[in-house]
There are 2 protein chains.
Amino acid sequence: MTLKQLEAFYWAATCINFAVAAQRVHLSVSSLSKRIGELENSLNVQLFDRSGRNAKLTERGEQLLPRVREFLRASVQLQQSVGQHLGLQGRCRLGMGELSALTWLPDLVRKAAELHPALEIEPCVDIGQVLEQRIDDGELDCVVIAGYASRNHLATEIVGDGQFVWVASRELIERAGADHPRLLIGNQTLVSLPDGAGSTRILDQWLSEQRVSVNRRLTCNNWGAVVGMFVAGTGFGFMPTRWAQELEARAALQILARDETLAPLTYAAQWRRDDSRLLISELREMIKFCFHLTAPRALT
Amino acid sequence: MTLKQLEAFYWAATCINFAVAAQRVHLSVSSLSKRIGELENSLNVQLFDRSGRNAKLTERGEQLLPRVREFLRASVQLQQSVGQHLGLQGRCRLGMGELSALTWLPDLVRKAAELHPALEIEPCVDIGQVLEQRIDDGELDCVVIAGYASRNHLATEIVGDGQFVWVASRELIERAGADHPRLLIGNQTLVSLPDGAGSTRILDQWLSEQRVSVNRRLTCNNWGAVVGMFVAGTGFGFMPTRWAQELEARAALQILARDETLAPLTYAAQWRRDDSRLLISELREMIKFCFHLTAPRALT
DNA sequence: CGCGTTTACGCCTCACGTAAACATC
DNA sequence: GATGTTTACGTGAGGCGTAAACGCG
């Protein structure tokens, strides 16, 4: 029995399949499989049931899992207890939306590098739905997305709010002869992120409140591209307030109907409820700090 | 950091030197040294001070030792928690005197094999003094010898008593014209185990009580040989009561002066006070059981 | 010079990844 | 046939022991 075998078991047991677990331990699937096999006949116990399509934990495997979790925790605690207190260490796969990646992520990485030099943060940028699936599968340790967890074995903690405003280019406003989203929506193109993105939720909410029908809608999974289309006059839409103010100051865009408020978007950290590693709580604290540190700063 | 490295560290830290520790982990000295070196720069900490003649734990090493002990205990507990409850496992080096080896040891080995099939008992037969030194050095896990521990970091538990009687061959009695040890001791050869053996202690006690001077003394570190010399008439001495009765029944020896009692010899288990492995307490229970089981049985 | 530890070095095992095979849905 | 896991196999790194070197008493 080795620590590596136990780690392999832990991740194989908590990830959706061996392929995902293999990524987590930097191994090929076949090597992971072999490691688990070694552990099994080292302990002389069948830990996985391979009869089905997916390997699933046996009863003994289920019994062993929490003990292994505790043991691995003890092992990192042992390492920390002696290693010059250089903070957390290891890998941490952190999922977030693009706006987060463009705002507080750099601060988080810098802060983490200061406080925990041995901690490797691997950001993964995608839309909320995908991130939620990935953390569920075990590919990610923690995600920060809009709204609360929709899966009951994910835990949630609110990180902060994001405020959005409607924008359009001067050219589009002139072409449409109107500068209010309720008027633009009938004959201009609404550009937004795809369904599944956190910010699209508040759009859906607004649309249902307004009871207006959308003339034409264009979605793109990249905020930079979306904003580029705002600036180019391809369409209108909404974007984070601070970023919009920045662009308005440069006369690239105009903020529309400041009274027409969109609901603020609540961002929350999500993690697996059974993942009680110190890493997770520390990370959440850092995220909250960086979120509020960066919130007032404009996007460039 | 691996479990093997931690085991190497544990034994190197608790044994008198690397050579003894290397035996404990079935390794050559050089490999042990390298393993510890690997652990040190894996944890980025100097665990041993190599400046002196012997490697000695540094302050950080001292701090780490109890944590490692606890961690290794947790690791075997983890293994036991899943492995079909096949009892204790691993190696156990058990020291004892020759009489113990000839009486209750076979029972202990049989019982241990039943209860703990994965437990490897390695008996080490020697005289008490040597055993005490060896457990001190870390070569043995537990010893059963006469009397209490003379070193204060060894713990003690009484296992039982052994009773001895004086014996001589018929031929020697006739030659000496006497059948009492007080009379024989002046002109016959007293055969016994060497100094440092447990049974010699009660001889010394008897001699100082009797205030007699020994004519000629012959020591041999093997009970079989000593008894052989009794039978051959080379000399007289004392031996375990049950064994003597067996030989008397075969007319090989005569028991002398049944009223001239030697103090019973108290046997005690000794182990390192800081070694709180479950193995040790379990072993002690088995030893006590076997000691009393076998005590009434005669030696062959 | 003896004893304890480390370094040097050749050897061999073990663990990895690629690719194919197998199994299930 | 697509997906998920295991087996086969060639390769490379790491851990082993022997033997020599080092360093303190």
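Reminder, nothing fancy here: chain letters follow the sequence lines and each chain counts from 1.
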For atom [atom1] of [X] and atom [atom2] of [N], their distance in whole Å:
X	N	atom1	atom2	result
Asn17(A)	dT3(D)	CG	P	12 Å
Arg35(B)	dT7(C)	CZ	P	17 Å
Leu32(B)	dG15(D)	CG	P	14 Å
His26(B)	dC16(D)	NE2	P	13 Å
Asn41(A)	dC14(C)	CG	P	13 Å
Glu40(A)	dT5(D)	CD	P	13 Å
Asp49(A)	dT24(C)	CG	C1'	12 Å
Leu27(B)	dG4(C)	CG	C1'	17 Å

| field | Given dT5(D), dT5(C), dT18(D), the nucleotide with the shortest approach to the side chain of Phe18(B) | value |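 The listed nucleotide nearest to Phe18(B)'s side chain is dT5(C).
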| field | Heavy-atom donor-acceptor pair, Ser30(A) side-chain to dT18(C) base, under 3.5 Å | value |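 Side chain to base: pair found, below 3.5 Å.
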| field | Quiz item: Arg50(A) side-chain donor-acceptor pair to dT5(D) base, under 3.5 Å | value |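 Result: no qualifying N/O pair found.
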| Arg53(A) vs Val29(A), nearer the 5' end of DNA chain D by closest nucleotide |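 Residue closer to the 5' terminus by nearest nucleotide: Arg53(A).
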| query | Between the side chains of Ser276(A) and Arg73(A), does any donor sit under 3.5 Å from an acceptor? | reply |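 The answer is yes; a qualifying pair exists.
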| Hey, which of these two, Ser31(A) or Asn54(B), hits DNA chain C nearer its 5' end, going by closest nucleotide? |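 Result: Asn54(B).
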| message | Regarding Asp141(A) and Arg24(A), does a basic nitrogen lie under 4.0 Å from an acidic carboxylate oxygen? | response |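 Salt bridge: yes.
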| message | Tell me whether Arg272(A) contacts the main-chain N or O of Thr14(A) through its side chain, where contact means a donor paired with an acceptor under 3.5 Å. | response |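 Confirmed, Arg272(A) side chain pairs with Thr14(A) backbone.
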| said: Would you call the rings of Phe48(A) and Phe9(A) parallel, tilted or perpendicular, taking 30° and 60° as the class edges? | reply: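 It falls in the perpendicular class, over 60°.
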